[in-house]
Amino acid sequence: MARPRTPAGRAKIVDERLASLYPGDAASLCALDHDGPYQLLAATILSAQCTDARVNLVTPQLFARYPAVEDLAVAEPSDVEEIIRSTGFFRAKTASLLGMARAVVDRYGTVVPESLEDLVTLPGVGRKTANVVRSVAFGLPGLPVDTHVGRLGRRLGLTRQEDPVKVEHDLCSLLPPRRWGAFSIQMILLGRQVCVARGPRCGICRLADVCPSADPAAVGARATARRRPDR
DNA sequence: ATCCCGAGGG
DNA sequence: CCCTCTGGAT
């Protein structure tokens, strides 16, 4: 197979490879244990700088104590802090959880909103979290861009942007909306296991033959640049 | 040391 | 744009 030369050409093959490498849709690929939008929203807030496995250790207790968003809205902050402490950033995350819950109760009648514009108004909910909730909990188009998705998108030559919002725009324009959510998770899985931040393991990467950064010419150019750091 | 699906504030 | 928030695993 010839190495694709355009972003659209690469996107099509990258998309197919990722889908067969990590089969499933966004909901089945999501590693955060949850039942419904409220729980996923809370779990995603907790997942910042924390493994999903760690989040899954605390959410059973959190959801047992606060079964509905109305319960979390009136929770005692110190109680929530105690439950979620091991996920890190526990004071900020508690403020986000309570603020999110109050906003959902006060402004949306206890129903987690589906639109990106509404979701990002919730405390502690940024664009990435909003897109996770949209794609995983609601099955709607949404392409969460985190550090992995940005890095792999650039290495794979699907975008040249650094700004996550611009990366999202570029990737969304290259892929069918029904693939956005799963694509994001599949990029993250490859980013953690193979295409790591420092020293990507191109030798074992199933996408190396289509990846411009794994092109022998590109690899040679980088090696030369390292040997002669001055110009 | 580095990584784990960030968001908000100054 | 940079800083801070925070704990656990490897």
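Note that these values count all heavy atoms, side chains included, but never hydrogens, waters or copies made by symmetry. Chain letters run A, B, ... following the sequence lines, proteins first and then strands; every chain starts at 1.
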Rounded to the nearest 0.5 Å, what's the gap from [atom1] on [X] to [atom2] on [Y]? Could you check?
{"X": "A:Glu81", "Y": "A:Ser78", "atom1": "CD", "atom2": "OG", "answer": "6.5 Å"}
{"X": "A:Leu119", "Y": "A:Phe138", "atom1": "CG", "atom2": "CZ", "answer": "6.5 Å"}
{"X": "A:Asp209", "Y": "A:Cys211", "atom1": "CG", "atom2": "SG", "answer": "9.5 Å"}
{"X": "A:Leu72", "Y": "A:Leu62", "atom1": "CG", "atom2": "CG", "answer": "6.0 Å"}
{"X": "A:Leu32", "Y": "A:Leu41", "atom1": "CG", "atom2": "CG", "answer": "11.5 Å"}
{"X": "A:Met187", "Y": "A:Arg151", "atom1": "CE", "atom2": "CZ", "answer": "9.5 Å"}

A:Pro123 or A:Leu29, whichever maps to the more 5' nucleotide of DNA chain B: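 Taking each residue's closest nucleotide, the earlier one in sequence belongs to A:Leu29.
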Closest-nucleotide 5' rank along DNA chain B - winner of A:Gly124 and A:Ala31: A:Ala31
Phosphate-side-chain proximity, [X] and [N], N/O vs OP1/OP2 below 4.0 Å:
{"X": "A:Arg198", "N": "B:dT2", "value": "yes"}
{"X": "A:His148", "N": "B:dC4", "value": "yes"}
{"X": "A:Arg54", "N": "B:dC4", "value": "no"}
{"X": "A:Arg91", "N": "C:dT6", "value": "yes"}
{"X": "A:Thr129", "N": "B:dA7", "value": "yes"}

Can you check the [X] [atom1] to [N] [atom2] distance for me, whole Å?
{"X": "A:Asn56", "N": "C:dA9", "atom1": "CG", "atom2": "C1'", "result": "15 Å"}
{"X": "A:Leu119", "N": "B:dG6", "atom1": "CG", "atom2": "C1'", "result": "15 Å"}
{"X": "A:Arg151", "N": "B:dT2", "atom1": "CZ", "atom2": "C1'", "result": "13 Å"}
{"X": "A:Met100", "N": "B:dG8", "atom1": "CE", "atom2": "P", "result": "12 Å"}
{"X": "A:Leu41", "N": "B:dG6", "atom1": "CG", "atom2": "P", "result": "15 Å"}
{"X": "A:Asp52", "N": "B:dC3", "atom1": "CG", "atom2": "P", "result": "17 Å"}
{"X": "A:Leu57", "N": "B:dC4", "atom1": "CG", "atom2": "P", "result": "19 Å"}
{"X": "A:Leu46", "N": "B:dC4", "atom1": "CG", "atom2": "C1'", "result": "14 Å"}

Does a side-chain heavy-atom distance below 4.5 Å link [X] with [Y]?
{"X": "A:Thr59", "Y": "A:Gln39", "result": "no"}
{"X": "A:Tyr22", "Y": "A:Gln193", "result": "yes"}
{"X": "A:Lys128", "Y": "A:Pro164", "result": "no"}

With heavy atoms under 4.0 Å as the rule, sort [X] into base, sugar-phosphate or nothing.
{"X": "A:Leu143", "result": "nothing"}
{"X": "A:Ile45", "result": "nothing"}
{"X": "A:Val125", "result": "sugar-phosphate"}

Go through [options] for me and flag the one nearest to the [X] side chain.
{"X": "A:Thr51", "options": "C:dA9, B:dC4, C:dG7", "result": "B:dC4"}
{"X": "A:Arg85", "options": "C:dC5, B:dA7, C:dG7", "result": "C:dG7"}
{"X": "A:Phe90", "options": "C:dG8, C:dT6, B:dG6", "result": "C:dT6"}

Polar side chain donor-acceptor pair, A:Thr121 to A:Arg107, under 3.5 angstrom: yes
Selection: residues 164-184 of chain A, any non-hydrogen atom under 4.0 Å of DNA chain C: none
Gap in Å between the two P atoms, one belonging to B:dG9 and one to C:dT6, rounded: 14 Å
N/O-N/O pairs, protein side and nucleotides 1-3 of chain C side, under 3.5 Å:
none

Basic-acidic side-chain contact under 4.0 Å: A:Glu16, A:Lys12: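 Salt bridge flag = yes for A:Lys12 with A:Glu16.
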